[in-house]
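Here is how names work: the chains are called A, B, and so on, in the same order as the sequence lines, proteins then strands, and each is numbered from 1. As the structure is a prediction and not an experimental result, all values here were calculated from the model.
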Number of protein chains: 2
Amino acid sequence: MMTVSVGDFLKSHDIKPSYQRVKIYEFLKNSKEHPTVEVIYSALNPEIPTLSKTTVYNTLKVFIDKGIAMAITIDEREVRFDAEIRMHGHFKCYKCHQVYDFEMADQTADVEALDGFQIMERQVFYYGLCDHCNQKLEEVEKQ
Amino acid sequence: MMTVSVGDFLKSHDIKPSYQRVKIYEFLKNSKEHPTVEVIYSALNPEIPTLSKTTVYNTLKVFIDKGIAMAITIDEREVRFDAEIRMHGHFKCYKCHQVYDFEMADQTADVEALDGFQIMERQVFYYGLCDHCNQKLEEVEKQ
DNA sequence: TTCTCAATTTGTAATGATTACAAATTGATA
DNA sequence: TATCAATTTGTAATCATTACAAATTGAGAA
Ligand SMILES: [Mn+2]
Ligand SMILES: [Mn+2]
Ligand SMILES: [Zn+2]
Ligand SMILES: [Zn+2]
């Protein structure tokens with residue numbers, strides 16, 4: 001198993017690895033929850049008391065420009081972020097509001113309606129009840 | 001060919017067909033552009049000078065609740081609306097910012113990662129260059 | 001080491017879409 | 001015609017995001 005430091009990883013993507021950038025990337029990479037700016041800021045603020053929310057916004061914009069993160073607009077009200085940039089779908093539970101990843105077959109070829117279009121990005125959002133919340137609902141209905 | 005008035009259509013979906021609601025629904029139904037609240041408001045304001053933007057927001061919320069319209073969050077900054085509620089994908093051109101519809105095979109069954117999840121809504125967003133803008137780009141490159 | 005300067009970070013104010021809310025209007029029914 | 005709930009309207013509040021200018025940082029120069 002080969003390990004590359006976050007600093008080297010950022011450098012290899014033409015991003016100067018400042019203290020804040022390293023911490024923000026580490027948090028995003030280790031997070032499974034697709035955090036918002038607010039969540040990232042609140043999580044890192046205790047450790048970096050001088051952190052500014054503007055820095056979180058700026059840094060995420062840099063990550064996206066350099067291709068090591070993506071924005072997820074599955075919520076109407078707030079943008080979430082993801083350090084996993086391989087193609088995958090997102091499911092949002094109406095009840096617990098969690099956002100789950102799911103694997104997806106690449107169905108680019110399926111879309112003959114888009115002949116001549118150059119597809120550069122794909123977002124697939126599903127909504128409903130996650131297995132956990134769905135389970136609880138069924139138990140209630142059984143009564 | 002059978003025609004039902006917009007008023008009757010709204011009534012059949014449990015929506016009282018006020019003047020504003022009829023006009024807003026007609027505009028949305030006839031529009032191919034997935035308009036924003038601002039676009040709808042600006043388009044109808046000349047005809048309905050007393051129209052309030054709040055009414056546009058309220059009315060669209062009613063349409064969505066009653067299942068005759070849907071919100072499209074393909075833009076990070078502003079929500080677009082669509083009176084076409086059959087399942088279809090959306091493509092947004094980075095250059096001309098138009099949003100195109102495209103037909104899509106229903107691939108619900110494909111997603112075995114979501115066993116136990118109850119999928120209630122699906123949104124598929126593609127981004128890139130539309131055929132028109134892509135064409136123009138190729139012509140420039142040819143020179 | 002100290003200096004310099006561009007890149008980065010920070011704090012504050014502005015922006016803009018959306019929502020909250022209360023008053024005015026409408027329109028179906030009595 | 002009177003009533004009253006539903007709808008519409010206008011204004012203010014909210015809140016995520018952006019703009020911007022000042023402060024800080026840190027890598028290389030001297
Ligand atoms: Mn993800
Ligand atoms: Mn559409
Ligand atoms: Zn859930
Ligand atoms: Zn285009």
Is there a side-chain contact between B:Phe117 and A:Tyr126 in this structure, where contact means two heavy atoms from C-beta onward sitting under 4.5 Å apart?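 With C-beta onward as the side chain, the pair stays apart.
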
Do B:Val99 and B:Phe27 belong together in a cluster built from hydrophobic side chains that touch within less than 4.5 Å?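 No, because B:Val99 and B:Phe27 fall into different hydrophobic clusters, even though each may have its own neighbours under 4.5 Å.
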
Got a sec, which pairs hit ring pair (Phe, Tyr, Trp, His ring centres under 6.0 Å) with one end in residues 32-65 of chain B, sequence neighbours left out?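 Passing the test, one end in residues 32-65 of chain B: B:Tyr25-B:Phe63, B:His34-B:His90.
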
Length of the CG-C1' vector between B:Leu44 and D:dT8, whole Å: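 From B:Leu44 CG to D:dT8 C1': 14 Å.
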
I need the CZ-P distance between A:Arg80 and D:dA16, as an integer number of Å.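 Roughly 13 Å, once rounded to whole Å.
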
One thing to verify: whether A:Glu38 and A:Lys53 come together as a salt bridge, which I'm taking to mean a side-chain N less than 4.0 angstrom from a carboxylate O.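 Result for this pair is yes, salt bridge flagged.
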
Can you list, by residue number, the residues of residues 90-99 of chain B that have a non-hydrogen atom closer than 4.0 angstrom to DNA chain C?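 Within residues 90-99 of chain B, no residue comes under 4.0 Å of DNA chain C.
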
Going by heavy atoms closer than 4.0 Å, what residues in residues 24-35 of chain B are next to DNA chain C?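 None - not one residue of the stretch has a heavy atom sitting under 4.0 Å from the strand.
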
5' to 3', nucleotides 12-26 of chain C under a 4.0 Å protein heavy-atom cut-off (B base, S sugar-phosphate only, - none) gives B----SBBBB-----

Sequence neighbours left out, what passes ring-ring contact (aromatic ring centres under 6.0 Å, His included) with B:His132? Give chain and number order.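 Partners of B:His132 under the ring-ring contact (aromatic ring centres under 6.0 Å, His included) test: none.
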
Under a 4.0 Å heavy-atom cut-off, which of residues 6-23 of chain A touch DNA chain D?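 The answer is none.
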
Any sub-3.5 Å donor-acceptor pair from A:Thr55's side-chain atoms to A:Leu51's backbone N or O?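 A pair under 3.5 Å: no.
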
What is the nucleic acid contact for B:Thr50, judged by heavy atoms within less than 4.0 Å: base, sugar-phosphate only, or nothing?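 Contact class for B:Thr50: sugar-phosphate only.
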
Kindly write out the residues that satisfy side chain to side chain donor-acceptor pair (under 3.5 Å) with [X], not counting sequence neighbours, or none if the list is empty.
| X | answer |
| --- | --- |
| B:Glu47 | B:Lys23 |
| B:Arg21 | none |
| A:Glu121 | A:Gln123, B:Tyr94 |
| A:Glu26 | none |

Pairs involving residues 81-91 of chain A, ordered by first then second residue, that meet salt bridge (Lys or Arg N to Asp or Glu O under 4.0 Å) (sequence neighbours left out):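 Found A:Glu84-A:Arg86, A:Arg86-A:Glu103.
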
More than 12 foreign heavy atoms under 6.0 Å from NZ of A:Lys32: is that the case here?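 Count not over threshold, so no.
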
Would you please name every residue forming a side chain to side chain contact (heavy atoms under 4.5 Å, CB included) with A:Ala71, sequence neighbours left out?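 Listed in chain order: A:Ile64, A:Val79, A:Phe81, B:Glu76.
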
